[in-house]
Amino acid sequence: MSAIPEVYQSAMGAFGEESVAALSKSLAEPGWLTDSRLKSYQSFVSLPLEKNPLYTKYVSIAGFDLSQFRVSGEAQEIDFREFFSGFLTGKESNILLQGNRTEVHSELEDSVRSSGVELLPLHSALVRHELLLKSLFEGRLVASEGDRYAAFVNAFFNCGTFVYVPKGVIMDKPLRRMLLTSAPDTAVVEQNFILAEEGSKLVFLEELYSKGSAAPSLVASTLEVRSKPGSHVDLSSVQLLDGQAVHLSNRAIETENDSKATASSVSLGASVSRSRTNFLLNGRGSVAEGFEIFFTDGKQRYDFETNLVHNSPDSTGSTQARGVLKGESQSIFKGMIRIVHAAKNSRSYLAHHAMILDRSAKSDGIPGLEIDNNEVRATHSASVAQIDEEQLFYLMARGLDLDESKRTVVLGFFEPVLSRVPIEQTREGARFMIEGKWQGQNRRLVDREALLGETGESGPEVKQTEDIFERHYKYR
């Protein structure tokens, strides 16, 4: 094994090879999974924080001391009613509730369960479907060799979720997973899998919340989505962790022939958030769409990377990111469109736009293209700008004060992306949460009924219908 760089020594002291085996043993895992963890550990200790030389200078944006955290497989005793008080309405169904790293409650309606749909904690799924899980681990989409923090999660995960939708099953209602952290004494390190079989349909909502803690906490995860031929998966993630939290996310979403997958993310919390998403368009006629929405203030630091990888012909991919920054917060968005020679007639679009509200805030966007076929359409765009003074003047001339004018401009800035988010609850809830953050409130994702009760109105239905590829393309 190569020498461990000095900068990583403190983390290596906290996360040694012996602790990998001990963690796996405490979770009663089979030997093949222990071996898989140890292999990932070798990548963790040998990889740099950033492999791409184009991005090396931005590593410090998401910098933090990993050695301050610990990972354990111990379960925590949690009083269900007290722990989730204020976060549930009592009407939730088809949901898995997780307190810190401990599964607290899992519930599926009878009609959903009888269709063969499964929503399970990862280690329960290992007991029921070991051969299937073994094949998913062996064919990982989030490879340890690709990213140091992905390798960390693959080596040290202490919990996770498995979602399975059988062939031809159409889910009319969304599945939900809610994670709530409250002064955790161990990091939450998750390995999550979603498998949608041929011709199936799934809507999955992930919500990450904190009750608040004086001590730093870590939530780190990988998520792998496999959308089989003809299937349709809509995924959304809402991140509202507290200001002491560090959030690490690595996602890979694979689409096969004639399948479609969308991934929407709303990031408002955590002191540091580092997100990596790869859309792998591996089937003819497949479609993948990503929507990234973030709002930072104070000294929050966000690091995003999204890649659209077209490996098959006639595939369509797009990802759009919009962010607003206040205070001394920082963000970096890195994105790449890769179209291989075999991916003839593919279309791809990548965009990042950020608005700066204070002089001390900073944002960078680095989009890129790698095109190996001339018979495609592909384009990227990026912009970072201050709030438009003329728009503020216009609104103030019509009776709004300065704060109301800024809030209106900010909400309007998010709308071109928000309006395209396919999941109604995420789309409307995001507007509600963004407005709450503007007012200094921590609002959670709510359903339409709760939203109407809170505000007296629901968000407008203004979903865009125009084809972005007719307006923007560079290569034919």
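Closest approach of Glu103 and Ser106 over heavy atoms only: OE2-CB, 3.3 Å. Taking both residues in full, the closest heavy atoms of Ser346 and Ile339 are given as CB-CG2, 4.3 Å, listed atom of the first, atom of the second, then distance. When all heavy atoms are compared, the tightest approach of Arg444 to Thr89 is NH2-CG2, 3.6 Å. For the pair Ser210 and Phe87, the tightest heavy-atom approach, listed with the atom from each and the gap, is O-CZ, 4.2 Å. Shown here for Leu223 and Val142, the closest heavy-atom pair between the two residues is O-CG2, 3.9 Å. Nearest heavy-atom pair across Gly335 and Leu350 is C-CD2, 3.4 Å.
With a 4.5 Å cut-off on side-chain heavy atoms, Met178 and Phe84 count as touching. No side-chain heavy atom of Asn154 sits under 4.5 Å from any side-chain heavy atom of Phe137. Under the 4.5 Å side-chain criterion, counting only non-hydrogen atoms from C-beta, Val340 is not in contact with Asp372. Side chains of Ser221 and Asn192 form a contact here, defined as non-hydrogen atoms less than 4.5 Å apart.
Partners of Ser115 under the side-chain contact (heavy atoms from CB on, under 4.5 Å) rule, at least two apart in sequence or in another chain, are Val117, Val169. In this structure Phe295 satisfies the ring pair (Phe, Tyr, Trp, His ring centres under 6.0 Å) test with no other residue, sequence neighbours excluded. Remark: Phe413 engages no residue in a ring pair (Phe, Tyr, Trp, His ring centres under 6.0 Å) (not counting sequence neighbours).
Using a distance-only test at 3.5 Å, with no hydrogens or angles considered, a donor-acceptor pair links the side chain of Lys211 to the main chain of Phe83. A donor-acceptor pair is defined here as one N or O able to donate and one able to accept, closer than 3.5 Å; such a pair exists between the side chain of Tyr209 and the backbone of Leu445. Using modelled atom types, no side-chain atom of Asp297 and backbone atom of Gln300 make a donor-acceptor pair closer than 3.5 Å. Without hydrogens or angle criteria, Asn307 side chain to Asn278 main chain gives no donor-acceptor distance under 3.5 Å. Although no hydrogens or angles enter the test, the distance criterion places no donor-acceptor pair under 3.5 Å between the side chain of Arg274 and the main chain of Ala62. A donor-acceptor pair is defined here as one N or O able to donate and one able to accept, closer than 3.5 Å; such a pair exists between the side chain of Ser315 and the backbone of Ser312. In terms of modelled atom types and a separation under 3.5 Å, the side chain of Gln68 and the main chain of Asp65 share a donor-acceptor contact. In terms of modelled atom types and a separation under 3.5 Å, the side chain of Arg301 and the main chain of Gly63 share a donor-acceptor contact. Lys51 places a side-chain N or O within donor-acceptor distance of the main-chain N or O of Glu145, the cut-off being under 3.5 Å. Looking at Gln391, its side chain never comes within 3.5 Å of a backbone N or O of Glu389 through a donor-acceptor pair.
Residue pairs meeting the side-chain hydrogen bond (donor to acceptor under 3.5 Å, both in side chains) criterion with at least one member in residues 354-367, sequence neighbours excluded, are Ser331-Ser363. Counting only residues at least two apart or on different chains, the side-chain hydrogen bond (donor to acceptor under 3.5 Å, both in side chains) pairs with a member in residues 281-294 are Glu254-Asn282, Thr255-Ser286, Asn282-Asn311, Arg284-Asp314.
Side-chain contact, Ser144 with Ser43: no donor N or O sits under 3.5 Å from an acceptor N or O. Between the side chains of Arg251 and Ser265, at least one donor-acceptor pair of N or O atoms lies under 3.5 Å. No hydrogens or angles considered: nothing links the side chains of Thr222 and Asn250 as a donor-acceptor pair under 3.5 Å.
To the nearest 0.5 Å, atoms OG1 (Thr426) and CG (Leu235) are separated by 9.0 Å. Between Asn374 atom CG and His341 atom NE2 the span is 9.5 Å, to the nearest 0.5 Å. Taking CZ from Phe157 and CD from Gln191, the interatomic distance works out to 5.0 Å, rounded to the nearest 0.5 Å. The CZ atom of Phe432 sits 7.5 Å away from atom CD of Gln441, with the distance rounded to the nearest 0.5 Å. The CD1 atom of Ile293 sits 10.5 Å away from the CZ atom of Arg427 when rounded to the nearest 0.5 Å.
Salt bridge status for Lys57 with Glu50: absent, with no side-chain N to carboxylate O gap under 4.0 Å. Note on Glu370 versus Arg338: salt bridge recorded, some NZ/NE/NH1/NH2 to OD/OE distance being below 4.0 Å. A salt bridge between Arg276 and Glu305 is present, with a side-chain N of the basic residue lying under 4.0 Å from a carboxylate O of the acidic one. The pair Asp303-Lys334 meets the salt-bridge criterion, with a side-chain N (NZ, NE, NH1 or NH2) lying under 4.0 Å from an Asp/Glu carboxylate O.
With a 6.0 Å cutoff to the six-membered ring centre and a 45° limit on the axis angle, Arg398 counts as a cation-pi contact of Tyr394. The cationic group of Lys406 does not satisfy the cation-pi geometry with Trp438, failing either the under 6.0 Å distance to the six-membered ring centre or the 45° limit from the ring axis.
For Tyr164 and Phe193, the ring centers are positioned 6.0 Å apart or more.
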- Can Glu435 and Arg443 be said to form a side chain to side chain contact (heavy atoms under 4.5 Å, CB included), step by step? CA-CA 9 Å; Glu435 189 168 0; Arg443 296 176 175 177; 4.1 Å; yes
- Kindly determine whether Arg226 and Leu141 satisfy side chain to side chain contact (heavy atoms under 4.5 Å, CB included), including the steps that lead there. CA-CA 9 Å; Arg226 287 172 171 81; Leu141 301 177; 3.6 Å; yes
Using distance only, find each side-chain donor-acceptor pair of residues 93-100 under 3.5 Å and give its atom names and separation, not counting sequence neighbours.
residue : atom : partner : partner atom : Å
Ser93   : OG   : Glu109  : OE2          : 3.1
Asn94   : OD1  : Glu109  : N            : 2.9
Gln98   : OE1  : Arg177  : NH1          : 3.1
Gln98   : NE2  : Asn100  : O            : 3.0
Gln98   : NE2  : Glu190  : OE2          : 3.2
Asn100  : OD1  : Ser182  : N            : 3.0
Asn100  : ND2  : Gln76   : OE1          : 2.7

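Counting heavy-atom neighbours within 6.0 Å of Glu390 CD, excluding the residue itself, gives a total of 12 or less.
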